[in-house]
Amino acid sequence: MPSPRRLIAGNWKMNGLRSDATTRAAALRDKAGAARMALPDIVLCPPFTLLTTVAQTIGSTLALGAQDCHAADKGAHTGDIAAPMLAEIGCRYVIVGHSERRAAHGENDPQVRAKAEAAHRAGLVAIICVGESANERKAGRHLTVVAGQLDGSLPAGVNAANTVIAYEPVWAIGTGQTPMPSDIAEMHAYVRKRLSDALPKDDEGERIRLLYGGSANSGNAPELVATPGVDGLLVGGASLDAEAFWKMVLAAV
Ligand code: PEP
């Protein structure tokens, strides 16, 4: 089975005003446009307010993603954004189940699954995040925890074209700590096996891309993307620096 095409996604989180977003997106667009090699898929996930600005800046060279969506397609949900709204302004991806949303907004697996279903209905690729806490890893429960998150949050109809899984250990996000490569490889092999067992038809489970996320940066990216089972990266803090993010893209070429 050939390896899936790699994907590098930048989660800008709640950072940026129009001027710096435009500068960053334009820099990445120009680098991608000037590249003389086949690049991985590159996805920028700015805050909602900057989606249109970034869409207009990047054109079709890079892909646009959002950081969340509501499970409903429309309705009385003050402050929320629906997946069809994201699709309409040019998003192709949406992150769901990020640990910061699970922690700060109490999102649970059924809600994440409903959001992924909404993303699929709107024709978006759902980047579904899973990952254990520090205590869960210390207790040796990391595999069980991630298995539970996968079972609870993967919607029916999941396939390699509409879903990406991001393994993001909560304790590695924004902390400067990363798991040992062998620990990442263990988790990715475990997730891959579960997906392959659950989705044997047309090898869908083999082809779903598995990203690693958590304190990835331009220094550790080469080792992370070379780790067995890693098909790309979901990058938070380091994606705010166009030069650093571009180095990470190049590490995945
Ligand atoms: C993230 O928030 O998805 C993430 C991986 O953050 P960071 O790279 O900053 O750890």
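Counting starts at 1 for both ligands and their atoms, in listed order.
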What donor-acceptor contacts under 3.5 angstrom involve side-chain atoms of residues 118-132, with partners at least two apart or in another chain?
| unit_1 | atom_1 | unit_2 | atom_2 | d |
| --- | --- | --- | --- | --- |
| H120 | NE2 | N162 | O | 2.8 |
| H120 | NE2 | N162 | OD1 | 3.4 |
| H120 | NE2 | T163 | OG1 | 3.0 |
| R121 | NE | D73 | OD1 | 3.3 |
| R121 | NE | D73 | OD2 | 3.2 |
| R121 | NH2 | A71 | O | 2.9 |
| R121 | NH2 | D73 | OD1 | 3.1 |
| E132 | OE1 | Y167 | OH | 2.9 |
| E132 | OE2 | R137 | NE | 2.7 |
| E132 | OE2 | R137 | NH2 | 3.4 |
| E132 | OE2 | Y167 | OH | 3.0 |
| E132 | OE2 | W171 | NE1 | 3.0 |

Original post:
Is the backbone N or O of A72 less than 3.5 Å from a side-chain atom of H70, with the two atoms forming a donor-acceptor pair by type?
Top reply: yes
Subject >> S60 side, atom OG; R29 side, atom CZ - distance, nearest 0.5 Å >> reply: 11.0 Å
Subject >> I173-M248 co-clustered via ILVMFWY side chain contacts under 4.5 Å >> reply: no
Filter the ligand 1-protein atom pairs down to N or O on both sides and distance under 3.5 Å, then list them.
| unit_1 | atom_1 | unit_2 | atom_2 | d |
| --- | --- | --- | --- | --- |
| ligand 1 | 2 (O) | K13 | NZ | 2.5 |
| ligand 1 | 2 (O) | H98 | NE2 | 2.7 |
| ligand 1 | 3 (O) | H98 | NE2 | 2.9 |
| ligand 1 | 3 (O) | E168 | OE1 | 3.1 |
| ligand 1 | 3 (O) | E168 | OE2 | 2.7 |
| ligand 1 | 6 (O) | K13 | NZ | 3.3 |
| ligand 1 | 8 (O) | G236 | N | 2.8 |
| ligand 1 | 9 (O) | G237 | N | 2.8 |
| ligand 1 | 10 (O) | G174 | N | 2.7 |
| ligand 1 | 10 (O) | S215 | N | 2.7 |

Original post:
Do R194 and D151 pass the salt bridge (Lys or Arg N to Asp or Glu O under 4.0 Å) test, and can you show the C-alpha distance, the side-chain angles, and the key distance before you say yes or no?
Top reply: CA-CA 9 Å; R194 285 189 85 84; D151 293 350; 2.8 Å; yes
**OP:** For N220 and S215, indicate whether the former's side chain and the latter's backbone hold a donor-acceptor pair under 3.5 Å.
**Re:** yes
